[in-house]
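Accompanying notes for the structure given below.
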Amino acid sequence: MACAAGTYLNVSAGTACAVCTGGALSLAGAVNVKGCVCVAGYSGPDGGQCAACGPGTFKAVNGSSDCGSCKTGTYLNVSAGTACVGCPAGSLSNSLPGSTDVEACVCLAGYSGPNGGQCTACGPGSYKAINGSSQCLSCASGTYLNVSGGTACAACPAGNQSVSRSGSKEVTDCLCSAGYTGPDGGQCVACLAGSYKAINGTANCETCAAGTYLNMSAGSACAACQINSFTLKGSVDITDCICNI
């Protein structure tokens with residue numbers, strides 16, 4: 001009669017069937033000890049001692065194959081595992097290969113929350129550049145971000161001399177600096193000599209008042225003529241200031 005599953009024919013004992021040991025199993029009819037193979041979750045040579053796969057590793061099938069590391073995005077916190085567990089569904093988190101605990105599932109860049117927990121997207125005007133539990137940061141002055149889940153903020157349009165407040169959400173939050181004029185989020189043009197603009201925004205450049213002058217472009221204020229001298233509106237140099245009669 002054939003030996004039952006989990007046993008093998010022990011030739012040295014004649015017709016007696018011996019039980020597989022050490023976490024091994026055999027099919028019915030095994031004719032020698034090599035018919036005893038390590039079960040899923042355990043690894044070792046056929047007919048030999050089987051060792052449990054450690055946390056962070058698994059083995060899905062019976063046999064002598066090695067335990068494999070849990071893949072990125074999964075973990076396993078027990079020994080003798082046959083499959084790894086995925087990071088929490090919808091958590092937008094990830095883990096390194098071979099992770100052994102749910103807390104190895106960390107929020108992706110652009111998302112914030114506790115390790116192993118729910119991750120929330122950074123809102124417009126904020127970002128997070130790295131994986132982990134750190135909080136989202138506000139976009140710095142001179143930058144903006146108009147989407148959620150951002151990993152970096154965009155700079156205000158290059159070369160247009162515009163600025164934005166911290167945490168800006170739209171390119172239209174980029175305003176022309178004092179001394180420059182133009183549409184919010186658009187190209188800024190320097191005020192010409194003899195004109196100025198004192199504040200950030202879309203306001204037009206203003207002509208220097210009578211008695212003042214400005215000898216450069218992109219000015220934010222005009223200079224007053226010396227005492228007892230005078231000049232016409234829009235003057236561009238101190239030499240335009242003439243003594244009063």
Side-chain angles (χ1 to χ4, degrees), residues 92-94 106-114 118-245:
L92 296 162
S93 61
N94 215 341
V106 298
C107 294
L108 300 175
Y111 296 80
S112 184
Q118 189 64 37
C119 302
T120 303
C122 300
S126 65
Y127 73 102
K128 181 167 158 272
I130 58 175
N131 295 344
S133 59
S134 57
Q135 294 183 348
C136 302
L137 302 175
S138 293
C139 291
S141 177
T143 68
Y144 69 95
L145 190 60
N146 59 1
V147 296
S148 297
T151 60
C153 301
C156 287
N160 73 349
Q161 299 296 326
S162 62
V163 294
S164 66
R165 293 181 178 178
S166 174
S168 290
K169 301 176 182 179
E170 298 290 343
V171 67
T172 51
D173 293 328
C174 296
L175 312 179
C176 291
S177 302
Y180 294 80
T181 187
D184 293 342
Q187 188 64 36
C188 301
V189 178
C191 299
L192 299 176
S195 65
Y196 73 101
K197 178 168 159 270
I199 58 174
N200 298 338
T202 59
N204 293 325
C205 301
E206 297 183 35
T207 301
C208 289
T212 66
Y213 68 94
L214 190 59
N215 61 358
M216 62 181 186
S217 60
S220 59
C222 301
C225 290
Q226 295 292 328
I227 193 167
N228 295 321
S229 64
F230 183 78
T231 186
L232 299 176
K233 290 177 60 177
S235 292
V236 298
D237 197 82
I238 192 172
T239 56
D240 294 328
C241 297
I242 57 176
C243 293
N244 295 333
I245 298 175

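Please read these numbers as outputs of a predicted model, since none were measured by experiment. Both backbone and side-chain heavy atoms feed into the values below; hydrogens, waters and symmetry mates do not. Counting from 1, the numbers follow the sequence of the chain as shown.
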Measuring only between side-chain heavy atoms, which start at C-beta, is E170 closer than 4.5 Å to N146?
yes
Are C136 and S112 side-chain neighbours, meaning at least one heavy-atom pair lies under 4.5 Å?
yes
Which atoms form the tightest heavy-atom contact between S162 and C188, and what is the distance?
CB-SG, 4.1 Å
Looking only at heavy atoms, what is the nearest atom pair of Y196 and T207, with distance?
CE2-O, 3.9 Å
Rounded to the nearest 0.5 Å, what separation is found between the OH atom of Y144 and the SG atom of C153?
10.0 Å
If we ignore hydrogens and angles and just use 3.5 Å, is the side chain of S141 paired with the main-chain N or O of S164 as donor and acceptor?
yes
Between S93 and C119, is the side-chain contact (heavy atoms from CB on, under 4.5 Å) condition met? List the steps.
CA-CA 7 Å; S93 61; C119 302; 4.0 Å; yes
Can you tell me how far the OG1 atom of T239 sits from the OH atom of Y213, to the nearest 0.5 Å?
9.0 Å
Atom of T231, atom of D240 and distance for their closest heavy-atom approach
OG1-O, 3.0 Å
side-chain contact (heavy atoms from CB on, under 4.5 Å) between D184 and D173, worked out:
CA-CA 7 Å; D184 293 342; D173 293 328; over 6 Å; no
Taking every non-hydrogen atom, the tightest pair across S195 and C205:
OG-CB, 4.1 Å
Look only at the side chain of S220 and the backbone of G179, and say whether a donor-acceptor pair between them is shorter than 3.5 Å.
no
Output the distance between atom OH (Y127) and atom CG (L137), rounded to the nearest 0.5 Å.
4.5 Å
Approximate separation, where rounding is to 0.5 Å, of R165 CZ and T143 OG1
14.5 Å
Trace of the side-chain contact (heavy atoms from CB on, under 4.5 Å) decision for C176 with K197
CA-CA 10 Å; C176 291; K197 178 168 159 270; 4.1 Å; yes
Mind checking side chain to side chain contact (heavy atoms under 4.5 Å, CB included) for S138 and listing every partner two or more places apart, or none if nothing turns up?
S166
Using atom types as modelled and distance alone, determine if a side-chain donor or acceptor of T151 lies under 3.5 Å from a backbone N or O of A109.
no
Mind listing the closest non-hydrogen atom pair of G211 and F230 along with its distance?
N-CE1, 4.3 Å
Return the minimal non-hydrogen interatomic distance between C208 and L214, and the atom names on each side.
SG-CB, 3.7 Å
